[in-house]
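Scroll down for the structure; my scribbles are underneath it.
Just so it is clear: chains get the letters A, B, ... in the order the sequence lines come, proteins before strands, and each one is counted from 1. Note that the coordinates shown come from a computational prediction; the quantities given were computed from them, not determined experimentally.
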Protein chains: 2
Amino acid sequence: MAPEKSRRERPAKPALTRHGIVAAAVGILREEGLRKVTMRRLAQELDTGAASLYVYVRNTAELHAAILDELLGTITRSSSDGGWRDRLEQLLTAYAATLLEYPGLALSALVARPSGKNYLGLVETMLALLAEGDVPPERRAWGIDLLLQYATATAAEHADEESPEEWDALARAVHEADETTHPQIAAHAADLLSGQPAQRMSWGIRVLITGITGTAVPAERNPT
Amino acid sequence: MAPEKSRRERPAKPALTRHGIVAAAVGILREEGLRKVTMRRLAQELDTGAASLYVYVRNTAELHAAILDELLGTITRSSSDGGWRDRLEQLLTAYAATLLEYPGLALSALVARPSGKNYLGLVETMLALLAEGDVPPERRAWGIDLLLQYATATAAEHADEESPEEWDALARAVHEADETTHPQIAAHAADLLSGQPAQRMSWGIRVLITGITGTAVPAERNPT
DNA sequence: ACCTGAACACCGTTCAAGT
DNA sequence: ACCTGAACACCGTTCAAGT
C-alpha cells in the first residue's frame, strides 16, 4: 500500500520514449564511450530491462544511427567563410571531427548509411555548395557520396581504440621493406608514413573535389 | 595402455601451427562466413580449446588480418593490360572484388591497417603504376592510401549482410524529401540513387586518380 | 500496447594447472 | 614451451507472461 509514497523516495522513473532512450545513450557515450552503449547497459541506466528498449528501437544498428544523428545536430549549423571549396572542406572537417571523437560510430555509419534529419541537412548543404561551384548536377550527387564516405572511413580507421600498435605494424613493415623485392616501398618509405592526420584529410578532400569537378559520370546510370 | 592404437582410430590430430590455424579459418570463412570465424568455433574445428590459439595469434583482429592476406594472394598476380590508369583500376577492382566477397573482412582491414606480405605486394605494384604515370613521388605515396581506403571502405559498406533494409531507409528519405526544406535533395533524388555499384566504383577510382595527379601535397610533411 | 524476467545462444580473453 | 578446462565478464535478441 501507499505506492505513491514509496515512489517518491527516489526520482520518479521517467516513462520510456525513443527520445529519452537516445538521450541516455548519448550520455553513456560521452561518459564511457560507445563500447559501453549496449542494450543492457542502457536499460540499466533507464532502470528497466533490455527487452523493453526493443519497443522503441529496432536493434543496436538503429540505435547507433540515432545517436549519430543527434551528434550531427551541432555541426550542421557551423558557419564558415571563403569560397565554396573552402566552405565544403570546413563542413567536411567538422563532420569528420565529430566522428573522430567516437570512431566506433563512424564504423556504424559506414555499414548502415545514415538517413536521419541532421544527416540529410548535411547532404543538402553539400549539394548546394557543389551547385555554387557549377559542378554538373550528376557529379554533385555522386560526389557528395565520395566525400562523405571519405570522411567517414577516415574516422572509422581510428576505431581500434588506443592502439599505436597496428600502426606500428605497417610502419615496421614499410621500414623493413627489402630494397630488392620491394623497391617502390623502400623508395617511398618516408612519404608513405608522412603527414599529420589533418594534413592528409585536407589533401584528400581537395583531391576529391578536383577529381569530382573533372570527371564525367557515365551517361547511362540505371537506378540500383 | 596402447595409446598409439587408440590414436589411430581417428585421423591424427595435426599439430597446431599458425599457418594451419589461418588455413582452417579460411575454410570456415568460405563455408560459413566471417561471422562464424570465432576463436571458439575455430578451436572446435582444430579439435582443441580456444585458449590454445592464443599461442599463435594475438587476438581476433590479428586473425582477420592474416585471413585477408591469405585471400589477397590470388589477386596480386592478376595480369592486366592497357595504360597505367586502366591497369591500376583493374588491380583495385580485383582487390575490391575480393573484399566484397567478405565485407566483414573489409571492415577489419579498415580498422587495422593490413601489413601482410600480399598487401605489401599490392602496395608495391600500385606505387609502380603511379610511377609509370609520372605522378610525383609524394603524391604516389599519399595517393595509394586514398585508393586503397576507397576500395576497402566501399566493400565495408556491404558488411550489414543481406539488408536491402538500411538502403531502403536512405532511399525513402531521399524520395520523401520535402521540396521546400530540402530543395537540393529533391532536385537530385534520381542521381543520388542512380548507378550500379561497379559504375560507381569505376567512377570513384577515376575521380581519385585525376585528383591525385592534379593536387599537390603540402611541402611540410612531418612524420606522424 | 507496453513492459518484464528469464532464457537462448553465443562471444573474447585470461589464468592456474598440467605435460 | 605448449596446451588445456574452466572461469570471468560480458553480449543481442526473443518470448511467454504479466499489467
Exercise. To the nearest angstrom, how far is A:Arg40 atom CZ from D:dT14 atom C1'?
Worked result: 12 Å

For this session: Please measure how far the C1' atom in C:dC15 lies from the corresponding atom in D:dC2, and state the result in whole Å.
Result: 15 Å

Exercise. Is B:Glu138 close to A:His188 at the side-chain level, that is, under 4.5 Å between some pair of heavy atoms?
Worked result: no

Exercise. Does a nitrogen or oxygen in the side chain of B:Ser52 sit under 4.0 Å from OP1 or OP2 of D:dC2?
Worked result: no

Exercise. Can a side chain N or O of B:Tyr54 be found less than 4.0 Å away from OP1 or OP2 on D:dC2?
Worked result: no

Exercise. Are any non-hydrogen side-chain atoms of B:Ile209 and B:Leu147 less than 4.5 angstrom apart?
Worked result: yes

Problem set entry | Complementary nucleotide of C:dA1, counting Watson-Crick and G-U pairs under 3.5 Å | D:dT19

Seminar exercise, completed: Rounded to whole Å, CZ of B:Arg35 lies from C1' of C:dG12 at a distance of 15 Å

Exercise. What's the CG-P distance between B:Leu53 and D:dA1, to the nearest Å?
Worked result: 19 Å

For this session: Side chain of A:Ala50 only, please: which of D:dT13, C:dT13, D:dC3 is the nearest?
Result: D:dT13

Exercise. Any donor and acceptor pair, going by atom type alone, linking the side chain of A:Gln199 with main-chain N or O of A:Gln196 inside 3.5 Å?
Worked result: yes

For this session: Measure from CG on B:Leu16 to C1' on D:dA1 and round the result to the nearest Å.
Result: 13 Å

For this session: Measure from CG on A:Asn59 to P on D:dC11 and round the result to the nearest Å.
Result: 17 Å

Exercise. Where the side chain of A:Ala51 is defined as all heavy atoms beyond and including C-beta, which of C:dG12, D:dT14, D:dG12 is the nearest nucleotide?
Worked result: D:dT14

Exercise. Given that both distances must come in under 3.5 Å, which nucleotide forms a Watson-Crick or G-U wobble pair with D:dA6?
Worked result: C:dT14

Seminar exercise, completed: On a heavy-atom basis, the closest approach of A:Leu92 and A:Met126 is CD2-CE, 4.2 Å

Exercise. Over how many whole Å does the gap from B:Leu42 atom CG to C:dC11 atom C1' extend?
Worked result: 14 Å

Problem set entry | A:Arg140 with A:Asp145: basic N within carboxylate O range, under 4.0 Å | no

Problem set entry | Spacing between A:Ile28 atom CD1 and D:dC11 atom C1', to the nearest angstrom | 15 Å

Exercise. OP1 or OP2 of C:dC10 sitting under 4.0 Å from any side-chain N/O of B:Thr38?
Worked result: no

Problem set entry | Rounded P spacing from D:dC10 to C:dA9 in Å | 23 Å

Seminar exercise, completed: Picking from C:dC3, D:dC2, C:dG12, the nucleotide nearest the side-chain atoms of B:Tyr56 would be D:dC2

For this session: To the nearest Å, give me how far apart CD1 (A:Ile21) and P (C:dC2) are.
Result: 11 Å

